[in-house]
Student: 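I'd like to ask some things about the structure below.
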Amino acid sequence: MLPVIGAVRPWADPSQTAIRRMPALARGSAASRYSLDGLWRFRLFERPEDVPEAALLGATDGAEWSTIGVPGVWTQTGVDDLPHYTNIVMPFAGPPPALPERNPTGVYRRILDAPARRTDDRAVLSIGGAFSVHAVYINGRFAGYGTDARLASEYDVTELLIDGANDIAIVVVRHSAHSYIEDQDAWWQAGLHRSITLSVGPAVSIADVRVDADWDPDAYRGTLAVRAVVAGEPVPGATSVRVTLTGHGLDVGTDRIEVDGAHTDTYRFRDFDASAAFGDLAVEPWSAESPVLYDCRVELFDAAGAALDVVNVRVGFRRVEIVGPDLLVNGRRVWIHGVNRHDHHPDRGAAVSVGDLRADLVQMRRHNITAIRTAHYPNRPEFLDLCDELGFYVVAEANIESHAYNWHLCDRPEYRQAWVERVARMVERDRNHPSVIMWSLGNESGYGANHDAAAGWLRRADLSRPLHYEDAIRTQGWLDGGRHATDVVCPMYPSIPEVAEYGRAVAEKRADRPFIMCEYSHAMGNANGSLADYWDVIHAWPGLQGGFIWEWKDHGLRHPKAPDGRLHYGGMFGESPHDANFIADGLVSSDLVPHPAMAEVAWVYRPVATRVADGDRLVIENRRAFRGLDDLRARWALIVDDALTEGELDVPEVPPGQSTAVPLPVAVPTDRFAVLTVTWETCADSWFAKAGHLMAADQHVVDGPPGADARGGSVTDVPGVLSGPEPQVWRGAIDNDGFKLMLDRAAAEPLGSQWLLRWLKQGLHSTPASELIDHRRVASPTIERHTFVVPERLDGLPRIGVRYEIAPRFTRMRWLGRGPGENYADRNRGSMIGIWESDIDRLPYLVPQEYGLRTDVRWVELHDPRTGDRIRIEAAAAPFSFSAIRHTAEQLFSVEHASDLLEHPSLVLSIDAAHRGVGNGACGSDTLADHEIRAGVHELSYRITAHTTSNSVYRQDRSAAL
Ligand code: GAL
């Protein structure tokens, strides 16, 4: 049994949040820090009750011991305890605080040679993060116990360390009463996933520094208030603090300020502290666009003037406030171009490195993402350092989610302490970060007295930031509900009409809070339909400021022991219950490769938008709040028919938040198909991209009928075409059509979109399209004409068109239409019309599903680069959509994992008269009516011709690449 706490079993008691743990503060840095990261000895037990005292001390060389890396999760090491994925439900039976019979418990052991210490030195051991709770023993003696897997726990171990070798044991219990409030939609993992350090330094030291840096947008001046709290009961009068502020030409400071703390003065004693205030500072403000940081240095001296401790805090001067229905930073409304981000790495799980954090931020900024919700817990501390430095607005969220017991635990008194402490400890750790613009009380935990208790603490402890909590408005109403717990209306997955309705309520003064969606546009598989439609509404109404896309990254995990290296989703570790691939819902793959929807994200979040007005002017709109556009270079390109002209655009100064009109750089014909494109690229190398990185693009399109050139004949027997055209109505169902891996549940609950279930009943996946719809084909010598008549009962088909099988030697494609990446009817505004060329696409999604479509296509060519042969398809009446991929829709639907997908022997060319939009049906609104396929008549006509280098059946293409 574990010494001291074994009989008490704190892991089973929700009211027991910590034993002997120190407050979470911005501690001094004069102490020497020793990293205890690296290899530890490790032994796994079935339950905490099984851990004998002997496992905490002495030999670790028996066969039952192994070696493990810290930080890391043991569930990624191949021991007999694997990751488990659930979304809402708990991985074991409740009700809280019931724990499962098997509760894997790891004992981590290592020897630490105690560093040299002076008699008045203090030693603090910091456990960066443990899933789910942990107890620490030093030389067999109990040092402390801590909960909250996503914040560090620190223990004063001065009395426990001996000179020479010290035996350190950390016992980590996988499931605890606190697991019920860490029920996020993520992998359940286990282990010491963040760093372990020992700090040794003078007992009289800086215990906490709080900086409040404000910036007055009217006066263009900053103020700074600094409060330092000193630990170790300094002798009054004998200890002093000096504060200096430097950077960007500024160098100001205080004299030594005596540390206050006369115990004897009744009522006067606040703490052993010292405060300094700087007013009227000529500083540059911090914002995500210009993340200007200054250095604040707080030094502690003894009576003789010798330095005892020092804390350096990077300071950003900025003001966050809500004025009317607007969230303002430095007096200006900013767009929340956000994503939700979890800590995830496909091999390391939650144990992400600082390099991983930075890589995420680089990839985000390459796609114009400037705001992050730390869904759904505090990240490792370096994350906010990076956000301060690189410029991101952060909603910092407390590690509280009781999703399975949503309406229950938030009112239970035994969980009250955990609620308040999780919020308070996050704030105490993170409040000096300018990047944090709001605090979030957690996610999906109902709304109860425990939330109000946490909000009450927070409203007193930090007046400088608004509060955010979604369930408060979900339960109490958007217009006036939940005000104590949230200052913003932050719903998840509202429909576009609901968003517009809130904007209308603001316009009519029925609502007065900023509207910032905590989650919207669910990125599961081929998804994010209508993202641009959301932003049309956001830009059109007052009070609407943006939101956070769900979510940044897929959470595929590689099995530590499996040689195939394939990424796992729920259930693949043999766990139950599970939620299958609901864990793969990111804008980027588990390995950080952008999914095609990122093009749309980058476009809706672009910093500058350009449009043609009155036929002869170009209106340039600077969507930034603080910066001009002089870091960007603009170019224009005009396609008329297939011919391209291009040039540089002279850009006048466009102040932030304003628009300026310039004459059109080139005359755009109005009587035929023409496309004017304006692109914005970075002028210089930056932390996220090389110079020339595309930041924004817009197009002005003059429509005109595509005209397949009637010269020459249509070739009915095209070399390279192996079969087709066959009518086609099925697509490899996407996640937003329905959950193919959870069909029974989807039907019973009902969960996600119900379209897939309906299509399966209609036999779309198994019946030849010719038996489902009426298809007429007329192949004249010049044109292929297809007429499809969709019966009423099949209203809402996935697609309607034809399919060809093409010889696999055609490995390149070239087209005039939207690109360069995959795009769909409701996710194509960020895909510019151009003459694009690429290899054949690869499946970008973890679970096979339809991919690779290009919309608004006037012609497409498939190339065999070896022979120069080309197959060309030209729209005759209306542009079509096409995909040329190495899988059939049937294959994509029948296979459950990308690694099991075999290539079809031929290239599958689909030409669609219509293709259903992708929508948000997995979690949110279904595909909008405009992008559904209605019953009735659909037409498709085109010409298909073959060309060889030696003997062109048709004219040589004369277009140039955009
Ligand atoms: C929300 C939740 C997220 C995630 C998402 C669906 O309800 O807050 O954590 O589960 O739905 O992917």
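Please read all numbers here as calculations on a predicted model, not as lab measurements. We use all heavy atoms of the structure for the numbers below, so side chains are in, but hydrogens, waters and symmetry mates are not. Every number for a ligand or one of its atoms is a count from 1 in the order of the listing.
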Student: Does the structure place the NZ or CZ of Arg513 under 6.0 Å from the centre of the six-membered ring of Tyr502, at an angle of no more than 45° from the ring's axis?
Tutor: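 The answer is no; the distance or angle limit is not met.
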
Student: Which pairs count as salt bridge (charged side-chain N to carboxylate O under 4.0 Å, His left out) when at least one residue sits in residues 584-604, sequence neighbours excluded?
Tutor: Arg558-Asp591

Student: Does the distance from a Lys or Arg side-chain N to an Asp or Glu carboxylate O, for Glu519 and Arg373, drop under 4.0 Å?
Tutor: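 Yes, this pair counts.
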
Student: If every non-hydrogen atom of Leu928 is compared with every non-hydrogen atom of Ser530, which pair is closest and at what distance?
Tutor: CD1-OG, 3.3 Å

Student: Quick one: side-chain contact (heavy atoms from CB on, under 4.5 Å) partners of Asp900, sequence neighbours excluded?
Tutor: Arg566, Val895, His897

Student: For Arg745, enumerate each residue passing the salt bridge (charged side-chain N to carboxylate O under 4.0 Å, His left out) test, keeping only those at least two apart in sequence or located in another chain.
Tutor: Asp579, Glu749

Student: Could you pull out every protein residue that has a heavy atom closer than 4.0 Å to ligand 1, ordered by chain and then number?
Tutor: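 Heavy-atom contacts below 4.0 Å: Asn87, Asp185, His376, Asn443, Glu444, Met492, Tyr493, Glu519, His522, Trp550, Phe582, Asp585.
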
